[in-house]
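All ligand and atom numbering here is 1-based and tracks the order in the structure. Given the structure is predicted, the values throughout are model-derived calculations rather than measurements. Index from 1, following the sequence.
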Amino acid sequence: MQTELHPSIADTHSGRRAQEILRSCVHCGFCNATCPTYLATGDELDGPRGRIYLMKEMLEAGEANAVAQNHLDRCLTCRACETTCPSGVAYGELLEVGRSLAESAGSRGFVTDVIRRWLKAVVPDVRAFRRWATLGGWVRWLLPVRLRRQLPEVAELRPIVGSTHERKLLVLEGCVQQVATPTVNAALAERLGERGFQVLTAAGEACCGSLNLHLGDEGGARAQMRHNVDVLWPLLGELDAVLSTASGCGVTYKDYGRLLADDADYADKAAALSAKVLDVAEFCEREELQFDRAADVERVAWQAPCTLQHGQQVNGTVERLLERAGYALVDVADGHLCCGSAGTYSVLQPDLSERLRDAKLNALCANTPDVIATANVGCQTHLASASGIPVRHWVELLR
Ligand code: SF4
Ligand code: SF4
């Protein structure tokens with residue numbers, strides 16, 4: 001694709017990278033076939049090829065308009081298009097640049113602007129999010145149905161089980177997961193403690209930065225990333241691995257090396273941290289760990305989060321671990337399509353999000369599983385908001 005970026009962008013680090021990515025796209029449109037928003041609306045501008053055109057125009061003009069902003073907002077960042085693309089177009093990276101520039105289109109309307117500011121201020125701050133979620137729980141019956149469904153139950157905090165094994169693992173706590181599903185890391189610590197690992201958490205860990213990044217606040221995201229590098233880098237020498245049980249956080253941590261590559265003070269440390277991060281499934285497979293299944297569950301429908309299958313390209317690993325534990329995995333159609341959770345998407349794009357969630361639940365439940373298993377807190381709470389059967393993190397199914 002021929003491009004001539006605006007002079008204000010052309011010579012920046014992100015401008016040069018955007019130019020490379022734009023030039024790698026050959027407009028074949030194969031990616032549209034697996035794009036959930038294109039399949040839902042049939043609008044070319046809601047597909048990856050159309051969005052790439054919009055971003056090219058924005059980057060050449062040096063600013064965005066409301067149409068481009070709207071179609072970029074409607075992207076799930078699921079990256080199914082990257083998995084499909086035969087030319088290796090790094091759509092997710094391009095979208096980061098496009099989303100930052102899309103902020104130049106100005107207001108999205110008073111209510112949406114307020115919600116976006118609230119999400120950026122509250123969700124990454126665990127204490128603030130817990131307070132708001134608790135408050136929301138008290139007045140749940142007063143809230144509109146949609147908002148009521150989005151509100152996570154505030155789970156009881158459980159300590160990570162202590163042990164003195166020599167091999168140390170750090171498990172990332174995240175922000176939303178600490179409030180909505182802290183039992184996942186507690187279950188992991190028990191299972192790995194029984195197998196000779198000491199599972200630790202790091203005081204001071206902040207949100208991974210993905211929420212701000214998806215909302216076009218690259219500066220805020222990078223500040224959170226630098227903070228986490230400062231907290232975690234001094235611990236790396238003692239650790240076997242840094243584990244993620246929320247694939248949405250894991251995919252971002254694995255990308256810190258790239259995201260901070262132009263920061264001379266942080267580039268090497270960020271790359272070292274990224275190299276140490278593993279999704280918990282990768283770790284269990286690497287260590288050849290064996291688990292048993294729960295006595296009361298047999299048939300499992302596996303929902304692979306986009307951040308695991310497309311973002312981290314971890315495919316088949318959880319399935320193998322569950323099958324080795326004795327579970328029967330039921331067939332699920334269209335497993336490559338997003339469930340509609342996508343971070344803050346379920347709040348900011350509720351119509352599309354609910355359509356995708358309902359289609360995903362139909363596919364997951366078609367072969368009568370006992371439980372739906374997933375690997376990311378956002379997918380888990382989103383699916384659970386409308387599911388007739390339990391939705392669990394797969395780690396909680398291990399015995
Ligand atoms: S992103 Fe890839 S699949 Fe999509 S139009 Fe461009 S080259 Fe084709
Ligand atoms: S990231 Fe997902 S929603 Fe966005 S263009 Fe790609 S396939 Fe479509």
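- The closest protein non-hydrogen atom to atom 7 (S) of ligand 1 is V26 N, 3.3 Å.
- Between T374 and Q380, the side chains place no donor N or O within less than 3.5 Å of an acceptor N or O (distance only, hydrogens not considered).
- Atom 8 (Fe) of ligand 1 has its closest protein heavy atom at C28 SG, 2.3 Å.
- Between the side chains of E396 and T183, at least one donor N or O lies within less than 3.5 Å of an accepting N or O.
- Judged by distance alone, with hydrogens and angles left aside, the side-chain atoms of S244 form a donor-acceptor pair with the main-chain N or O of A246 at under 3.5 Å.
- Residue contacts with ligand 1: G88 is excluded, as none of its non-hydrogen atoms falls under 4.0 Å.
- Residue contact check: T77 has heavy atoms under 4.0 Å from atoms 1 (S) of ligand 2.
- A side-chain donor-acceptor contact under 3.5 Å links Y266 and D230.
- Interface atoms of ligand 1 facing S87, defined by a heavy-atom separation under 4.0 Å, are 7 (S).
- Between the side chains of T84 and T34, at least one donor N or O sits under 3.5 Å from an acceptor N or O.
- Looking at E82 against ligand 2, nothing comes within 4.0 Å, counting heavy atoms.
- Protein heavy atom at the shortest distance from atom 4 (Fe) of ligand 2 is C75 SG, 2.3 Å.
- Looking at S341 and R357, their side chains never bring a donor and an acceptor atom within 3.5 Å of each other.
- Side chain to side chain, H27 and Y53 meet the donor-acceptor criterion of an N or O pair below 3.5 Å.
- Aromatic ring pairs are classed by plane angle as parallel below 30°, tilted from 30° to 60° and perpendicular above 60°; the pair F197 and F283 is perpendicular.
- Remark: minimum distance from atom 2 (Fe) of ligand 1 to any protein heavy atom is reached at C85 SG, 2.3 Å.
- If you number the atoms of ligand 2 from 1 as listed, the ones under 4.0 Å from a heavy atom of R79 come out as 1 (S), 2 (Fe).
- Neither side chain, Q177 nor N376, offers a donor N or O lying under 3.5 Å from an acceptor on the other.
- For the residue pair T344 / R116, no side-chain donor-acceptor distance below 3.5 Å is found, with atom types taken as modelled.
- The protein atom (non-hydrogen) at minimum distance from atom 5 (S) of ligand 1 is G29 N, 3.2 Å.
- Atom 3 (S) of ligand 2 has as its closest protein heavy atom L76 N, 3.4 Å.
- Numbered from 1 in the order shown, with element, the atoms of ligand 1 that lie under 4.0 Å from a heavy atom of P86 read 3 (S).
- With distances taken over non-hydrogen atoms, the option nearest atom 6 (Fe) of ligand 2 out of C81, C78, C35 is C81.
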Quiz item: Run the side-chain hydrogen bond (donor to acceptor under 3.5 Å, both in side chains) check on S104 and E63 step by step: do they pass?
Solution: CA-CA 6 Å; S104 67; E63 60 185 11; 6.0 Å; no
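- Atoms of ligand 1 lying under 4.0 Å from any heavy atom of V89, numbered from 1 in the order shown and given with element: 1 (S), 2 (Fe), 7 (S).
- Applying the 4.0 Å criterion to heavy atoms of R51 picks out, from ligand 2, the atoms 3 (S), 4 (Fe), 5 (S), 8 (Fe).
- Residue-level proximity to ligand 2 for Y38 is absent, since no heavy atom of it falls below 4.0 angstrom.
- Heavy-atom proximity to I52, at under 4.0 Å, picks out these atoms of ligand 1: 1 (S).
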